[in-house]
**Q** 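Can you read through this structure? Questions will come right after.
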Amino acid sequence: LKMALFATQMLTSPNFTGPNRELLVSRYYINECAFALDGLAKSIDERDVSTSLALWEYGQDSFNSYLSILNRSISPKVGDKIDLVS
């Protein structure tokens, strides 16, 4: 939820009432991160290493995609861009 609220603040103009394409895509990546984290927790409990690694990579890719979208809206005057997860 916090990721969605942050994306809304970063990607929505006060003059525009509807969600823009970047906001909708960022929400998609947020949902994908949540899916990966839920599956990761379950696979760790089951001690399934291969599934855990696959879900970690999937979640990492989704989170980095989310951050890439947000980084586009951060200008140098505001501050540094957010580092991607490696």
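Side chains included, hydrogens not; waters and symmetry mates left out as well; all remaining heavy atoms used. Predicted, not measured: the structure shown is a model, and the values here were computed from it.
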**Q** Mind checking what makes side-chain hydrogen bond (donor to acceptor under 3.5 Å, both in side chains) contact with Glu22, not counting sequence neighbours?
**A**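 Glu22 satisfies side-chain hydrogen bond (donor to acceptor under 3.5 Å, both in side chains) with Arg72 only.
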
**Q** Output all residues satisfying side-chain hydrogen bond (donor to acceptor under 3.5 Å, both in side chains) with Thr51, sequence neighbours left out; order by chain, then residue number.
**A**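 So Thr51 forms a side-chain hydrogen bond (donor to acceptor under 3.5 Å, both in side chains) with Asp48.
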
**Q** Rounded at 0.5 Å granularity, tell me how far CG in Asp38 sits from OG in Ser43.
**A**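 Taking CG in Asp38 and OG in Ser43, the distance rounds to 11.0 Å.
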
**Q** Side-chain heavy atoms under 4.5 Å apart, restricted to Ile/Leu/Val/Met/Phe/Trp/Tyr: what other residues fall into the cluster of Val49, or is it alone?
**A**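 Its cluster mates, by chain and number, are Leu53.
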
**Q** Rounded to the nearest 0.5 Å, what separation is found between the CG atom of Asp83 and the CG atom of Asn71?
**A**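 Interatomic distance, Asp83 CG to Asn71 CG, rounded to 0.5 Å: 8.5 Å.
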
**Q** Under a single-linkage definition using a 4.5 Å side-chain heavy-atom cutoff for Ile, Leu, Val, Met, Phe, Trp and Tyr, are Val85 and Leu37 assigned to the same hydrophobic cluster?
**A**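 Different hydrophobic clusters.
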
**Q** Let me confirm one number: the CD1-CG distance from Ile82 to Leu67, rounded to the nearest 0.5 Å.
**A**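 With rounding to 0.5 Å, CD1 (Ile82) is 5.5 Å from CG (Leu67).
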
**Q** What's the verdict on side chain to side chain contact (heavy atoms under 4.5 Å, CB included) for Leu23 and Ser26, showing C-alpha distance, side-chain angles and the deciding distance?
**A** CA-CA 5 Å; Leu23 181 58; Ser26 71; 3.9 Å; yes

**Q** Roughly how far apart are Leu55 CG and Phe35 CZ, rounded to 0.5 Å?
**A**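 Separation between the atoms: 6.5 Å.
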
**Q** Where do Gly59 and Cys33 come nearest, in terms of heavy atoms and distance?
**A**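 Result for this residue pair: O-SG, 4.0 Å.
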
**Q** Between atom CD1 of Ile69 and atom CG of Leu24, what is the distance when rounded to the nearest 0.5 Å?
**A**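 Taking CD1 in Ile69 and CG in Leu24, the distance rounds to 10.0 Å.
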
**Q** Are any of the side-chain heavy atoms of Val25 and Tyr29 separated by less than 4.5 Å?
**A**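 When only atoms from C-beta onward are counted, Tyr29 and Val25 do touch, with a gap below 4.5 Å.
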
**Q** Could you grab the distance from atom OG of Ser52 to atom CZ of Arg47, nearest 0.5 Å is fine?
**A**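 With rounding to 0.5 Å, OG (Ser52) is 10.0 Å from CZ (Arg47).
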
**Q** Indicate, with yes or no, if Phe63 and Trp56 share a hydrophobic cluster defined by side-chain heavy-atom contacts under 4.5 Å among Ile, Leu, Val, Met, Phe, Trp and Tyr.
**A**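 Yes.
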
**Q** Within the supplied structure, the quantity of interest is the number of heavy atoms (other residues, nucleotides, ligands) at a distance under 6.0 Å from Asp45 CG; does it exceed 12?
**A**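 For Asp45, atom CG is crowded (more than 12 foreign heavy atoms under 6.0 Å).
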
